[in-house]
Amino acid sequence: MSQIYIIHENDAWTAPLRNELESLGFPYVTWFLDHGQIEINDSPPNGVFYNRMSASSHTRGHRYAAEYTACVLAWLENHGRRVINPSRALHLEINKIAQYAALHAHGIRTPKTIAAVGRDEIVRAAGKFTGPFITKHNRGGKGLGVHLFHSVDALQKYVSSPGFEPPIDGITLVQAYIEAPQPYITRVEFVGGRFLYAVRVNTSEGFELCPADVCQVDEMSNGPTQPRFSIIEDFRHPIINRYERFLRANNIHIAGIEFVVGKNGELFTYDINTNTNYNSDAEKAVGISGMGAIARYLGDELAGLRDTGPNLNLSAILGR
Ligand SMILES: Nc1ncnc2c1ncn2[C@@H]1O[C@H](COP(=O)(O)OP(=O)(O)O)[C@@H](O)[C@H]1O
Ligand SMILES: [Mg+2]
């Protein structure tokens with residue numbers, strides 16, 4: 001029987017999707033891709049494969065999960081399997097410079113950014129900025145290595161201190177800091193390549209902006225504050241069409257794209273999350289469910305599948 005395969009490396013992040021799939025009665029299985037083996041001469045099982053591999057997987061002890069996922073996706077795609085967020089999406093997920101290059105190809109503006117390898121190069125790159133700048137990891141997620149600097153001296157101290165966080169792929173980005181008149185960024189969610197909703201994220205408490213409910217525990221223990229995530233009802237903006245074209249051209253089906261608007265009203269896009277999570281409180285307030293939309297989309301994809309080959313021994317492939 002064909003089913004939905006959720007490729008991932010974080011059980012907590014799959015829970016909301018599992019609940020939605022179960023309540024809709026769609027057959028699915030989770031495929032935890034940190035270790036395992038695939039024999040590429042074998043035929044993969046039939047089904048819809050949803051890739052939720054995360055750029056920050058190495059921070060949860062899954063150092064090679066993204067690399068292994070690239071192998072698995074190549075195998076699935078070579079056999080013509082239906083993959084949601086296939087290889088191209090994974091490539092962009094783990095490489096911000098590749099994201100920016102792809103955005104530029106669609107006329108989408110990103111902040112001035114220099115990629116630097118080596119601590120001296122990071123400092124030299126910073127010398128090319130006139131205003132405040134931030135560092136971030138090329139393979140990032142959850143605000144990895146994001147720090148704001150107002151001078152090259154301050155950066156120099158940071159990179160030569162024990163507190164310097166070396167990026168997992170060796171590439172640090174130095175990027176113009178876009179000062180927003182109000183402390184918020186906007187994240188625009190897409191499912192099936194189509195705009196779903198935009199969420200405003202308050203940035204006054206820092207750069208780590210994971211929207212998943214499991215990321216909000218610390219915040220709650222600090223007592224009630226203003227909600228950090230709020231869905232903008234009826235969000236309309238010309239950037240939406242551009243994003244949709246960009247997603248189509250890059251074979252990305254599900255994503256959250258982040259932008260910030262600077263003081264002079266210019267919009268800068270700076271992050272594409274192909275493994276996107278949603279904030280349930282923000283969703284409840286307006287009666288919408290991102291994971292519900294994904295579950296329905298995956299169900300439609302499954303219904304559209306024709307059987308294309310023999311099913312293999314699934315337990316061997318899934319490593320259990
Ligand atoms: N160029 C920038 N100017 C201002 N704030 C930024 C900029 N880049 C990132 N940030 C802030 O840092 C957060 C994390 O950066 P981001 O590029 O999204 O990295 P990650 O992939 O780790 O989420 C953003 O959501 C935003 O609040
Ligand atoms: Mg981000």
Side-chain angles (χ1 to χ4, degrees), residues 1-15 17-18 20-22 25-95 98-99 102 138-139 141 168-170 192-193 250-255 272-277 294-295 297-320:
M1 183 187 64
S2 296
Q3 53 186 333
I4 295 162
Y5 295 80
I6 308 171
I7 291 173
H8 77 102
E9 58 73 44
N10 188 355
D11 272 331
W13 283 350
T14 66
L17 178 58
R18 284 186 273 124
E20 295 289 347
L21 289 168
E22 268 158 39
F26 295 135
Y28 76 92
V29 59
T30 56
W31 189 357
F32 185 87
L33 265 195
D34 171 43
H35 55 268
Q37 50 176 285
I38 43 159
E39 190 164 336
I40 71 155
N41 294 321
D42 283 349
S43 214
N46 288 322
V48 171
F49 296 81
Y50 171 31
N51 159 35
R52 282 186 58 80
M53 188 44 56
S54 156
S56 62
S57 47
H58 59 281
T59 64
R60 288 175 289 278
H62 307 136
R63 169 61 188 90
Y64 297 112
E67 285 79 0
Y68 184 41
T69 300
C71 299
V72 169
L73 295 182
W75 177 59
L76 295 172
E77 289 160 27
N78 182 48
H79 285 272
R81 293 297 179 265
R82 179 65 173 143
V83 182
I84 306 303
N85 282 358
S87 298
R88 176 69 180 158
L90 176 67
H91 178 64
L92 297 185
E93 167 76 12
I94 63 173
N95 187 338
Q99 290 181 13
N138 184 53
R139 180 159 164 179
I168 199 74
D169 66 355
N250 286 281
N251 232 352
I252 299 172
H253 307 100
I254 298 173
I272 300 164
N273 304 278
T274 61
N275 169 39
T276 191
N277 288 304
I294 293 184
Y297 172 61
L298 295 175
D300 286 348
E301 290 292 320
L302 189 63
L305 273 192
R306 292 208 332 259
D307 271 1
T308 48
N311 262 325
L312 288 183
N313 180 343
L314 281 187
S315 358
I317 291 169
L318 300 177
R320 16 179 144 111

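Predicted model only: the values in this text are computed from it and were never measured.
To the nearest 0.5 Å, the span separating CD1 on Ile294 from CD1 on Ile4 amounts to 11.5 Å. In this structure, NE2 on His79 lies 8.0 Å from CG on Asp42, to the nearest 0.5 angstrom. If you take OH on Tyr5 and CZ on Arg81, they are separated by 9.0 Å, rounding to the nearest 0.5 Å. We find the OG1-CD1 distance between Thr14 and Ile7 to be 13.0 Å, quoted to the nearest 0.5 Å. Note that CD1 of Ile6 and CG of Asn51 are 12.0 Å apart. Values are rounded to the nearest 0.5 Å. The OH atom of Tyr68 sits 5.5 Å away from atom CD1 of Ile38, with the distance rounded to the nearest 0.5 Å.
Remark: the Arg88 side chain and the Asn250 side chain contain an N/O donor-acceptor pair separated by less than 3.5 Å. Side-chain polar atoms of Tyr50 and Glu301 form no donor-acceptor pair below 3.5 angstrom.
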Handout entry: Candidate pair Arg18 and Tyr28, rule side chain to side chain contact (heavy atoms under 4.5 Å, CB included), full reasoning
Key = CA-CA 8 Å; Arg18 284 186 273 124; Tyr28 76 92; 3.5 Å; yes

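Residue pairs meeting the salt bridge (Lys or Arg N to Asp or Glu O under 4.0 Å) criterion with at least one partner in residues 65-80, sequence neighbours excluded, are Arg63-Glu67, Glu67-Arg139.
Glu9 places no side-chain N or O within donor-acceptor distance of the main-chain N or O of Asp34, the cut-off being under 3.5 Å. Within the 3.5 Å criterion, the main-chain N or O of Pro27 finds no donor-acceptor partner in the side chain of Gln3.
You'll find the side chain of Ile84 stays beyond 4.5 Å of the side chain of Arg52, heavy atoms only. Side-chain contact between Trp13 and Asn275: present, with at least one pair of heavy atoms (C-beta onward) separated by less than 4.5 Å. Contact annotation: the side chain of Leu302 never approaches that of Leu298 to less than 4.5 Å [non-hydrogen atoms, C-beta and beyond]. Side chains of Tyr64 and His35 form no contact here, defined as non-hydrogen atoms less than 4.5 Å apart.
The heavy-atom pair separating Ala55 from Ile94 by the smallest distance is CA-CG2, 4.0 Å. Scanning both residues, Val83 and His253, for their nearest heavy atoms gives O-CE1, 3.5 Å. Contact between Ser2 and Asn46 at its shortest, heavy atoms only, is OG-CB, 3.6 Å. Residues Ile272 and Ala255 approach most closely at CG2-CB, 4.5 Å, considering heavy atoms. When all heavy atoms are compared, the tightest approach of Met53 to Ala66 is CG-CA, 3.8 Å. Taking every heavy atom of both residues into account, Trp75 and Pro45 meet most closely at CH2-CD, 4.4 Å.
Between Phe32 and His8, the ring centre distance stays below 6.0 Å.
The only option from Thr276, Leu90, Leu73, Ile252 that meets the side-chain contact (heavy atoms from CB on, under 4.5 Å) definition with Asn85 turns out to be Ile252.
Under the side-chain hydrogen bond (donor to acceptor under 3.5 Å, both in side chains) criterion, Ser56 pairs with Ser54, Arg60, not counting sequence neighbours. A search for side-chain hydrogen bond (donor to acceptor under 3.5 Å, both in side chains) contacts involving Asn95 returns Asn138, not counting sequence neighbours.
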